[in-house]
Amino acid sequence: MLLQRESHFRKGDHATGKPMTNVVIGGASGIGAATAPLLDGPTIVADLHGGDVRCDITDQASIDAALADIDRLDALVLTAGVSPVQADARTVLNVDLAGVARVLDAVDPLVHDGTAAVVVSSMAAHLAGPYITDDQLASIDAPLEPAALEVSDDPGMAYAIAKLGVQRIVRRTATAWGPRGGRILSLSPGVVATPMGTMEMESGSGAADLMAMGAFGRPGRPEEIAAVIAFLCSPAASFMTGTDVLVDGGVVAAVEAMR
């Protein structure tokens with residue numbers, strides 16, 4: 001069902017008469033599902049497994065079809081992704097890195113003065129950053145080239161590299177969107193109590209240990225992350241773009257204090 005706050009409905013001013021629209025890709029569960037109701041105006045939930053429209057971010061045609069009826073993009077929230085316990089390294093990179101590049105290419109014509117986008121990265125990018133090589137960085141900076149899917153055969157490292165690549169895409173995109181008045185940020189959650197986060201905590205991958213190191217010693221709640229995303233999409237964050245917002249309960253700070 002299309003989510004809409006009637007009192008905040010804002011019609012587009014293009015000749016088509018189509019409304020400005022929010023899109024939450026990956027919005028059928030987890031952080032995306034918690035975020036969608038917080039956005040002002042009509043909101044389309046796009047997801048591979050439910051929502052208003054189907055969207056597979058590994059397939060450019062699927063992305064284009066999900067966006068086909070949108071004239072002007074008000075806010076984009078991109079939470080779709082897979083974790084290291086869900087897929088092999090190549091799939092992780094294809095979804096979490098190349099998928100982001102595909103979506104941003106598709107929405108570029110819809111960006112206008114006031115568009116805001118938030119793309120989910122991860123604290124893993126902050127933790128692994130010092131260990132990623134220059135050659136790997138060069139590959140992920142061309143995320144749609146075949147080499148980008150070969151930068152690691154370890155799913156955990158592939159995930160961290162992909163999420164660092166997301167942050168780098170966001171910085172480049174901010175420069176391109178700025179003259180049109182569009183903004184884009186990445187947001188890096190820590191361990192969050194979503195189905196994906198629970199799988200990671202129960203997998204023995206170390207996620208539970210990292211969570212315990214944080215200032216609060218607990219996972220984040222989806223609504224806590226969603227509240228930050230909603231703020232970043234709002235006019236209250238109008239001077240924020242091209243940067244990453246770390247929302248990890250203090251895990252990265254704890255790890256860095258031990259180095």
Side-chain angles (χ1 to χ4, degrees), residues 1-3 21-39 42-68 70 73-87 91-107 110 115-125 143 158-159 162-163 165-167 169-170 173 184-200 219-233 244-245 247:
M1 179 179 179
L2 186 67
L3 299 171
T21 307
N22 306 312
V23 179
V24 181
I25 299 180
S29 64
I31 293 170
T35 302
L38 303 182
L39 302 176
T43 299
I44 294 172
V45 173
D47 199 287
L48 184 59
H49 306 291
D52 301 308
V53 295
R54 184 180 183 277
C55 184
D56 177 358
I57 64 172
T58 68
D59 180 358
Q60 191 68 58
S62 177
I63 297 167
D64 294 342
L67 301 172
I70 299 171
L73 183 66
D74 198 358
L76 168 70
V77 177
L78 178 50
T79 66
V82 294
S83 75
V85 300
Q86 295 177 311
T91 301
V92 168
L93 288 158
N94 192 26
V95 175
D96 293 357
L97 176 62
V100 170
R102 293 185 193 100
V103 170
L104 294 181
D105 282 352
V107 302
L110 309 177
T115 296
V118 177
V119 183
V120 171
S121 178
S122 172
M123 71 173 181
Y159 181 79
K163 294 303 188 179
V166 167
Q167 295 177 13
I169 291 170
V170 162
T173 304
I184 184 169
L185 301 107
S186 58
L187 180 140
S188 291
V191 180
V192 182
T194 62
M196 181 186 295
T198 299
M199 287 179 64
E200 286 290 335
R221 297 186 294 271
E223 58 267 28
E224 291 176 307
I225 311 302
V228 179
I229 294 174
F231 163 72
L232 295 175
C233 289
D244 182 73
V245 179
V247 189

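Throughout, numbering of the chain's residues begins at 1 and tracks the sequence. Just so you know, these numbers use all the heavy atoms, side chains as well, and skip hydrogens, waters and symmetry mates.
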CG/Asp105 to OG1/Thr173 distance, rounded to the nearest 0.5 angstrom? 8.5 Å
Quick one, Ser29 and Thr194 - any side-chain contact, counting heavy atoms below 4.5 Å? no
Taking every heavy atom of Ser121 against every heavy atom of Val166, the minimum-distance pair comes out as CB-CG1, 4.2 Å
Taking all atoms of both residues into account, what is the closest heavy-atom pair of Asp47 and Gly27, and its distance? OD2-N, 3.3 Å
Check whether any side-chain heavy atom of Asp59 lies under 4.5 Å from a side-chain heavy atom of Arg102, and answer yes or no. no
Let me confirm one number: the CG-SG distance from Leu185 to Cys233, rounded to the nearest 0.5 Å. 8.5 Å
Euclidean distance, Leu187 CG relative to Leu78 CG, rounded to 0.5 Å: 12.0 Å
Flag side-chain contact, heavy atom, 4.5 Å: Val103 against Leu76: yes
What is the minimum heavy-atom distance between Gln86 and Val82, and which atoms define it? OE1-CA, 3.3 Å
Spacing of Asp96 atom CG and Leu93 atom CG [to the nearest 0.5 Å]: 8.0 Å
Sequence-distant partners of Thr58, side-chain hydrogen bond (donor to acceptor under 3.5 Å, both in side chains), two or more places apart: Asp56
So do the side chains of Val100 and Pro143 get within less than 4.5 Å of each other, counting heavy atoms only? no
By side-chain hydrogen bond (donor to acceptor under 3.5 Å, both in side chains), which residues pair with Thr79, not counting sequence neighbours? none
The residue among Asp52, Asn22, Val77, Val23 that forms side chain to side chain contact (heavy atoms under 4.5 Å, CB included) with Thr43 is Asn22
Thr21 side chain reached by Leu110 side chain, heavy atoms, under 4.5 Å: no
Going from CD1 on Ile169 to CG on Leu104, what distance comes out if it is rounded to the nearest 0.5 angstrom? 6.5 Å
Please enumerate all residues that pass side-chain hydrogen bond (donor to acceptor under 3.5 Å, both in side chains) together with Thr115, with sequence neighbours excluded. His112
Please round to the nearest 0.5 Å and tell me the distance separating atom CD of Glu223 and atom CD1 of Ile229. 12.0 Å
Heavy atoms of Gly32 and Val24 approach each other most closely as O-CG1, 3.7 Å
What pair of heavy atoms forms the shortest contact from Gln167 to Ser122, and how long is it? NE2-O, 4.0 Å
Least distance between heavy atoms, Pro219 atom then Val192 atom: CB-C, 4.3 Å
For Met123 and Val191, run side chain to side chain contact (heavy atoms under 4.5 Å, CB included): C-alpha distance rounded to whole Å, both residues' side-chain angles, the deciding distance at 0.1 Å, then the answer. CA-CA 8 Å; Met123 71 173 181; Val191 180; 3.9 Å; yes
